[in-house]
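Hydrogens, waters and symmetry mates are skipped; everything else that's a heavy atom, side chains included, is used. Numbers for residues simply follow the sequence, beginning at 1.
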Amino acid sequence: MRPLGIDGAWVLDPEVFPDDRGSFHEWYRAPEFRAATGYGLDLVQANCSVSRRGVLRGVHFADVPPGQAKYVTCVRGAVFDVVVDLRVGSPWFGRWEAVRLDDTARRAVFLAEGLGHAFLALTDDTTVVYLCSAGYAPEREHGVHPLDAGLGIVWPDGTRPLLSPKDAGAPSLARAEASGLLPSYASCLARYEELRLSR
């Protein structure tokens with residue numbers, strides 16, 4: 001695993017072994033994960049979403065503590081996967097970084113608690129699976145509008161984004177910050193340290 005430009009986010013570039021039957025790769029290995037992050041992934045929930053081309057999901061995040069870390073890969077099709085630093089007080093606050101996840105390179109992305117996550121499906125029947133450190137809790141889960149000009153994510157051309165009503169009604173980054181919706185960098189650092197000490 002190698003770190004992305006935002007602290008708390010990593011990408012895995014697995015070695016894929018193709019043969020005449022198909023291919024094989026390891027998309028998660030606990031020792032490598034622990035070496036990169038300093039703690040293990042406490043798997044609580046595994047999700048799978050199927051999207052048609054142009055579907056835009058996110059930017060989603062959860063209250064910290066406990067937050068919800070995600071380990072994400074695309075098993076069919078391709079997505080433009082985005083990590084956003086929503087941690088108020090972070091040196092990277094408001095920054096975003098994108099990684100193409102697809103069924104060829106088989107990359108995976110990990111984002112720690114407090115970071116926002118979104119993706120745009122680049123193909124029909126795109127299937128994304130992700131491992132989560134906490135279960136779904138609607139009262140703790142929030143969003144920032146993925147097309148917010150203040151966020152400035154440069155989405156790929158050639159697709160008209162299709163958002164859920166919930167994502168379309170999400171606040172801008174500035175409004176989310178002003179309303180106290182976003183996690184603080186200090187609370188996230190405390191959570192990361194707690195995880196390192198408990199493993």
Side-chain angles (χ1 to χ4, degrees), residues 1-53 55-62 64 66-87 92 95-136 141 156 188-189 191-199:
M1 292 177 69
R2 59 181 169 84
L4 292 176
I6 296 170
D7 185 50
W10 288 264
V11 63
L12 172 72
D13 291 291
E15 186 175 1
V16 180
F17 300 94
D19 62 25
D20 56 359
R21 301 167 298 167
S23 69
F24 174 86
H25 71 285
E26 297 171 339
W27 74 283
Y28 173 76
R29 292 173 52 192
E32 187 173 345
F33 181 92
R34 184 182 295 276
T37 66
Y39 51 88
L41 178 61
D42 188 9
L43 176 59
V44 174
Q45 184 171 308
N47 298 335
C48 176
S49 70
V50 180
S51 305
R52 73 184 200 203
R53 185 175 184 270
V55 167
L56 175 52
R57 299 180 187 264
V59 175
H60 300 149
F61 67 98
V64 180
Q68 187 186 60
K70 295 176 182 175
Y71 191 84
V72 187
T73 194
C74 180
V75 297
R76 180 177 182 181
V79 296
F80 184 81
D81 195 81
V82 178
V83 177
V84 184
D85 193 342
L86 301 176
R87 303 167 299 185
W92 304 271
R95 273 186 58 186
W96 60 273
E97 190 161 352
V99 176
R100 180 185 168 97
L101 303 180
D102 58 37
D103 57 12
T104 303
R106 304 289 186 183
R107 288 185 190 92
V109 167
F110 173 71
L111 54 149
E113 293 84 352
L115 295 176
H117 180 247
F119 65 81
L120 175 69
L122 302 176
T123 60
D124 284 331
D125 295 320
T126 290
T127 304
V128 172
V129 294
Y130 41 108
L131 311 178
C132 302
S133 67
Y136 177 67
E141 301 193 15
C188 291
L189 290 179
R191 178 61 177 156
Y192 308 154
E193 185 60 21
E194 179 186 2
L195 290 169
R196 290 185 181 101
L197 293 174
S198 66
R199 301 296 197 271

Engineer: Can you list everything that forms a ring-ring contact (aromatic ring centres under 6.0 Å, His included) with F110? Sequence neighbours excluded, please.
Structural biologist: W10, F33

Engineer: When you compare the side chain of F119 with that of S49, does any pair of heavy atoms fall below 4.5 Å?
Structural biologist: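 S49 vs F119: side chains touch.
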
Engineer: State whether the side chain of R95 and the backbone N or O of V83 hold a donor-acceptor pair below 3.5 Å, judged by distance alone.
Structural biologist: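 Judged by distance alone, no pair lies under 3.5 Å.
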
Engineer: Between Y192 and E113 (side chain of the first, backbone of the second, donor and acceptor by atom type, cut-off under 3.5 Å), is there such a pair?
Structural biologist: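 Present.
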
Engineer: Checking R57 now: which residues fulfil side chain to side chain donor-acceptor pair (under 3.5 Å) with it, not counting sequence neighbours?
Structural biologist: S51

Engineer: Is any side-chain heavy atom of V79 closer than 4.5 Å to a side-chain heavy atom of L120?
Structural biologist: no

Engineer: Taking only residues two or more places apart in sequence or in another chain, which ones pass side chain to side chain donor-acceptor pair (under 3.5 Å) with D7?
Structural biologist: none

Engineer: Any side-chain heavy atom of R87 within less than 4.5 Å of one from I6?
Structural biologist: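 R87 vs I6: side chains touch.
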
Engineer: Enumerate, atom names and distances included, each donor-acceptor pair closer than 3.5 Å involving a side-chain atom of residues 123-130, sequence neighbours excluded.
Structural biologist:
residue: T123; atom: OG1; partner: A78; partner atom: N; Å: 3.3
residue: T123; atom: OG1; partner: T126; partner atom: OG1; Å: 2.6
residue: D124; atom: OD1; partner: R53; partner atom: N; Å: 2.9
residue: T126; atom: OG1; partner: A78; partner atom: O; Å: 3.4
residue: T126; atom: OG1; partner: T123; partner atom: O; Å: 2.8
residue: T127; atom: OG1; partner: D125; partner atom: O; Å: 3.3

Engineer: Counting N and O atoms only, with roles assigned by atom type, does the side chain of Q45 sit under 3.5 Å from a partner on the main chain of Y136, one being a donor and the other an acceptor?
Structural biologist: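 Confirmed, Q45 side chain pairs with Y136 backbone.
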
Engineer: Using distance only, find each side-chain donor-acceptor pair of residues 98-105 under 3.5 Å and give its atom names and separation, not counting sequence neighbours.
Structural biologist:
residue: R100; atom: NE; partner: D102; partner atom: OD2; Å: 2.8
residue: D102; atom: OD1; partner: T104; partner atom: N; Å: 3.0
residue: D102; atom: OD1; partner: A105; partner atom: N; Å: 2.8
residue: D103; atom: OD2; partner: G77; partner atom: N; Å: 2.9

Engineer: Who passes side chain to side chain donor-acceptor pair (under 3.5 Å) against D81, sequence neighbours left out?
Structural biologist: H117

Engineer: Judged by atom type as modelled, is there a donor-acceptor pair below 3.5 Å linking the side chain of Q68 to the main-chain atoms of A134?
Structural biologist: yes

